[in-house]
Amino acid sequence: MANFTLRTENWCCFSHQRNSWNPISNASLRHRQLHIFSSKRFLRFRISSSIKEKGDVAETEKTRAINGLRRVAKEPETTVPVSVSEDHSGSEGSSSVEGFDWNWPPWKHLPHRYKLIGTTSLAFVVCNMDKVNLSVAIIPMSHQFGWTSSMAGLVQSSFFWGYALSQLPGGWLAKIFGGRKILEVGVFSWSVATILVPLVSGFLPGLVFSRILVGIGEGVSPSAATDLIARFIPSAERSRAVSFVFGGLSVGSVLGLLLAPPLIQNFGWESVFYMFGFLGIAWCSGFQFVKEEQSSFTGEYTSRNFQSTANSPLTYFSGEKSLSASMKELGVSVKEVPWKEFFQSPAVWAMIYAHFCGSWGHYTCLSWLPTYFSEELDLNLTEAAWVSVLPPLASIIVTSVASQFADNLIASGVETTTVRKICQTVAFLSPAVCMTLSSLNLGLPPWEVVTILTGGLALSSFALSGLYCTHQDISPEYASILLGITNTVGAVPGIVGVALTGYLLDSTHSWSISLFAPSIFFYLTGTIVWLAFASSKPQSFSKRD
């Protein structure tokens, strides 16, 4: 019998007495008790262990530290059930606890790739919070600074200048240094730039420059996320991974549009930039701990032969390189990228145009819907923001349905190209039809217009299981660069479309002409091009592939 005594004071003392141990051939059962005393509470731990030995083989002892306590475990064959009895003022009740298995935090035993994908999705939540905050704050800012719709459109479009400039460099750097490093740098950059917005708002060039910096930081994030998915996620899980990561954008839009109005009304429009910016800084701090856990992750799922395994559902891209190897490759990598082969592929051109068309409708609505609901439907700031939440909120539901739909079709044997075409067609035709109904003068009440637009824009999230999976489908190695190319062109509507909408609104005073008509045109033509030329078949873009 061995006794342990622990008093809950500023110091604790353990007393340990044990009988001499003589190996025996039969099973030996020993009982130990650990008593913990406090002034008002008495706990008793009873630890029983059963050790079986054969022959005269000596038993070794291991001492392990668990959360600051040390316990002795016997081997080779030891089972340690632990019973805990608790006394309160002399009355004793008991409960059982098996072993000392500390399962905190809850995600401790999740596969490493799930942890990384989860934190990446969280970064995208913050990303869109910092993107949509201006679409709400632009209303009081315009009143304060006396901006016209054209000037407000110019300020909002400046984000996309930086967003477009950083796409190709982001894809290239993600391929060289790995998506995790580039994502972390991007989040930190756009968060700092967001915090600077109120400080430079009175000086228009400074405000435009700060939003360009926000765009640069957020511009590298899609390519970084695409690189992560291409490296670590098998094709059988890819639709769900892409939907989960990029679905964070919809969650960010919802949270941003919900939080911005009360913050603006209670603390001023400057508060949304300070608060949302500091959330990004907090994410960077937390991501350090996740990165530490990923030390064995980079080499866990690797595949060197892309051609021979490209069609396997368990194909993974090779892990991230060391910093020295990345720097060495940096000097020669631009020449090695098969740029010419990219632009000789009809499938790449289909992705480029589809990305442009989808972005036109998405970015113009993201920037102007709060103003549309406020001015056209006569809603106040809070009501307009709440109504603007509905499309991204519905998109969260649609995204989960679309990803399951796409992955199930692929798993059942449907050709991947066919699945991507179906999903992207739904993503284009649904908002086109709904915008057409909203733009016609049918005398619909405001809530019906909101419902129609919400449904159409939500269904456009099928693109996450269509276009946004195609980059990884056709080339896991160059997925981040391909997304950099298509997203560069896809950022042009943010620059041109958002500003053009404000200009047309000042000229025509018609939301149908300025906001809906151009989007409908691009949705329809994008559908035609996608169905004609899109492909998800793995392609070899260079000889070394």
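A donor-acceptor contact shorter than 3.5 Å links the side chain of S412 to the backbone of L409. Put simply, the side chain of S166 gets close to the backbone of I216: a donor and an acceptor are under 3.5 Å apart. Although no hydrogens or angles enter the test, the distance criterion places no donor-acceptor pair under 3.5 Å between the side chain of W368 and the main chain of T501. Judged by distance alone, with hydrogens and angles left aside, the side-chain atoms of S438 form no donor-acceptor pair with the main-chain N or O of M435 at under 3.5 Å. Panel note: side chain S403, backbone S400; a donor-acceptor pair is recorded below 3.5 Å. Without hydrogens or angle criteria, S157 side chain to L154 main chain gives a donor-acceptor distance under 3.5 Å. For S121 (side chain) and F244 (main-chain N/O), a donor-acceptor pair under 3.5 Å exists by modelled atom type. Of the possible donor and acceptor atoms, none in the side chain of S367 sits under 3.5 Å from a partner among the backbone N and O of T364.
No cation-pi contact links K131 to F160, judged by a cut-off of 6.0 Å to the six-membered ring centre and 45° from its axis.
The closest side-chain donor-acceptor pair between S345 and Q539 falls under 3.5 angstrom.
Checked against the 6.0 Å centroid threshold, F343 and W349 count as a close aromatic pair. Here Y163 and F159 bring their ring centres to under 6.0 angstrom of each other. Here the two rings, on H355 and Y468, have centers that are under 6.0 Å apart. For an aromatic pair to be called close, the ring centres must be under 6.0 Å apart, and F533 with Y353 fails this. F209 has its ring centre no less than 6.0 Å from the ring centre of F203.
Contact detail for L482 and S475: the closest heavy-atom pair is CD1-CB, 4.1 Å. Residues S439 and F516 share a closest heavy-atom pair of CB-CD1, 3.9 Å.
With S395 as reference, S461 is the one residue of S253, S460, S461 to meet the side-chain hydrogen bond (donor to acceptor under 3.5 Å, both in side chains) rule.
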Is there a side chain to side chain contact (heavy atoms under 4.5 Å, CB included) between F273 and D130? Walk through the geometry before answering.
CA-CA 7 Å; F273 297 100; D130 288 335; over 6 Å; no
